[in-house]
Structure formats: structure tokens, C-alpha cells
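Down below is the structure, laid out as C-alpha cells.
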There are 2 protein chains.
Amino acid sequence: MNHTTRTLNRSKQRDAIFNYIITHKTHPTADDIYNDIRKDFPNISLGTVYRNLTLLTELGSIKKLSYGDAAEHFDGDITPHNHFICNTCGSITDLQMENIDFVDEAASRNFDGKIAGHNIYFYGTCPSCLQNIHPEH
Amino acid sequence: MNHTTRTLNRSKQRDAIFNYIITHKTHPTADDIYNDIRKDFPNISLGTVYRNLTLLTELGSIKKLSYGDAAEHFDGDITPHNHFICNTCGSITDLQMENIDFVDEAASRNFDGKIAGHNIYFYGTCPSCLQNIHPEH
DNA sequence: AGTAAAATCAATAATAGTTATTATTATATA
DNA sequence: TATATAATAATAACTATTATTGATTTTACT
């Protein structure tokens, strides 16, 4: 028999974690997921959440987002899109905008290495916080 | 006297930290700075390094870089420029390229909040690692 | 269905990066 | 130079993440 290929066993926990991420657009952290998923899996451990998040990221099923926030955030939407982080409330949201993947070309121009892609995080003040600063009275 | 304004006392340690960052283009972490600067200030503590890095960042004298790496990196070059992170060796370098600040305009188009700026991290394989993969023999 | 290998699990310990606390020292200004 | 304030060193505490362990479950193959 062939032991060189590694089979991946399915687990209810991993399914639940993956399902949570793709059905929530909140870009949750490992801890967010852990706390919510405990309602359905009271015995699940934080280690299991981390292990499966790492695995799902390696498989390319989800994406990991790193920005100023101390913790990593995860995104179930793996199609190319950009993010906005509010400097005031810290929320992270998807940003609908035209495709700007051509910046990779621009970056390659005077660079001897190979550009594979980019991560771009816009920051500023989100609509909700803007409202609080200048409320329409 | 007026106690509402906060005066900032100078310290040799902070000067040394700031000087280290602006004279090194390596985008060091707090720990990098700590370890190097100990040669001149054997008694300096890591807490002092962190506190001053936070302060200098708040003052806008240096910039904090957050990307996949676990630790924060710091940059003494506060003029707008972009960064490249090598997926192979993890190095971070400045990227000379045309100005692409207009992406902020593009992002603002369908967004009700206020875009103040962006951080963009290009990734791929750096020239040195590319050489190692396909050496010219 | 039976079985062995592999992957899973929860629990916990360990590590890394960072922040907070406190008593002491240095700095700026009167 | 006396005084008030800020910065320091040392250390403790905290948060996010990873590694370890030993038991259980799942899978591939018979």
C-alpha cells in the first residue's frame, strides 16, 4: 500500500470552523471563532481551533490577515479583494473597488526579484465612526 | 504654571533608539534594536525600547510595519514608499517604484468612510533567493 | 466487519511578543 | 540648585500562539 500520499481525515470540528469563517464576514480571530463555536462544541479546545486554522490556511481554503492588530484575523473569502481598517473603532471590512492588480507590474519594473502578489490595507475612518464625529443633528 | 501641556524630556536612550532606526535600513524589530543597542547601553531594558518605539511612532518620527511576521518592525524612513517581503527568507526591503497613492482615490470611490492612506506589502521571492533557486552555473 | 495506521481530539505546558507596575534616576526649568 | 515631572531599569503580568501528550476516532484496506 502507498504511504507516501497523505490523506486528510475530515472532522466535524474542522468543518464547523470552516463553515463559521465562510458564513461570517467579520474577519474573526482564532479567539472569536473559539468563543462562538464553543456553543456547539463545548469541549473544543483553542489548540484545535489554531491547528485547523493553520491547516485551512495552508490548504488555501481561507486567508490569514495580518495588520496592526495584535491578533491574526481570518477571511473565508479567498477571491482577490481589499480591506479597510478603521483607525477609530478597529473594525475591518471588505472594500469594493476596481481591480488594482496592475500595481504588481509597477512594482516589478525596477525589481530583480519575483513579485507574486500584494496585500493592501487601507485605513482611515469608517462610515459609522465618521457619523459619530460629525453627526447630522 | 501650566500643567495641561505635557513636556517631553529627552533621554540618551531614546536618542540612541531613534538614531539606530534612522541609520539602519533593516526594518528592525524591538528585539533587534534592544540587542544591538545593549552594546552601548548595557543596562537598557527591553521595556524602555518598547516604550520609546511606541512614543516615536505616536510622534510620527518612525513608522511601524505590520505584516505576517509575528513581531512588529520599525522604519525610520517616513517618506511614502512600499515594501517587499520575501516568502522564502522572510527579509523585508524597500521597493523603488512609481507613486501609486492614487489607489486611495480608487478606494474612496464606492466607500462612505474617509480613506486616510494605505499600507501595501508586496510579496514573492527576493533577488537573492531567486538566485539560489535557479543559480547561473 | 476487522484491523492497523494515521489523524484526530482535549488538555495543558511552553514560548514569544508586548505591556504594566514600581521604585529609582535623570531632565528641564524656575 | 531645588523642585516637579518624565524617563529609566527591573521585573511581573498578560496575550496570542505553538508544542506536547496521551487517549480516542477515522480511514484505507483487507
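Letters go in sequence order (proteins before strands), and every chain restarts at 1. From a predicted model like this one, the values you see are computed outputs, not experimental measurements.
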Nucleotide of D:dA9, C:dC9, D:dA7 approaching B:Asn43 most closely (side-chain heavy atoms): D:dA9
Protein-nucleotide distance (B:Phe41, atom CZ; D:dA10, atom C1'), rounded to Å: 18 Å
Specify the residue among A:Leu46 and A:Lys12 whose closest nucleotide of DNA chain C lies further upstream toward the 5′ end. A:Lys12
Checking contacts here: which listed nucleotide (D:dA7, D:dA16, C:dG17) is nearest the side-chain heavy atoms of A:Tyr50? D:dA16
Nearest listed nucleotide, side chain of A:Ser11, among C:dT8, D:dA10, D:dT8: C:dT8
Residue mapping more 5' on DNA chain C - nearest nucleotide basis, A:Gly47 or B:Thr54: A:Gly47
Check every atom of C:dA28, C:dA11, D:dT17 against the side chain of B:Arg10 and return the nucleotide holding the closest atom. C:dA28
Picking from C:dA10, C:dC9, D:dT8, the nucleotide nearest the side-chain atoms of B:Arg51 would be D:dT8
A:Asn52 vs C:dC9: side-chain N/O to OP1/OP2 distance below 4.0 Å: yes
Side-chain donor-acceptor pair present, B:Arg51, B:Thr48, cut-off under 3.5 Å: yes
Shortest non-hydrogen pair, B:Phe122 vs B:Ile120, comes out as CZ-CD1, 3.7 Å
If you check the B:Gln13 side chain, which of D:dT8, C:dA11, D:dT18 turns out closest? D:dT8
Determine whether the side chains of B:Asn119 and B:His83 contain a donor N or O and an acceptor N or O closer than 3.5 Å. no
Send over the distance from A:Ile44 CD1 to D:dT24 P, rounded to a whole Å. 19 Å
Counting only side-chain nitrogens and oxygens, does B:Ser45 get under 4.0 Å of the OP1 or OP2 atom of D:dT8? no
Side-chain contact check for B:Leu8: nearest option of C:dC9, D:dA7, D:dT8 is D:dA7
With the side chain of B:Arg14 defined as its heavy atoms from C-beta on, choose the nearest nucleotide among D:dA7, C:dA10, D:dA10. D:dA7
Is it true that A:His27 and A:Asp32 share a donor-acceptor pair across their side chains at a distance under 3.5 Å? no
Among D:dT17, C:dG17, C:dA10, the one nearest any side-chain atom of A:Ala71 is D:dT17
Taking atom types as modelled and ignoring hydrogens, do the side chains of B:Asp36 and B:His24 form a donor-acceptor contact shorter than 3.5 angstrom? no
Provide, to the nearest angstrom, the distance between the CG atom belonging to A:Asp69 and the C1' atom belonging to D:dT17. 14 Å
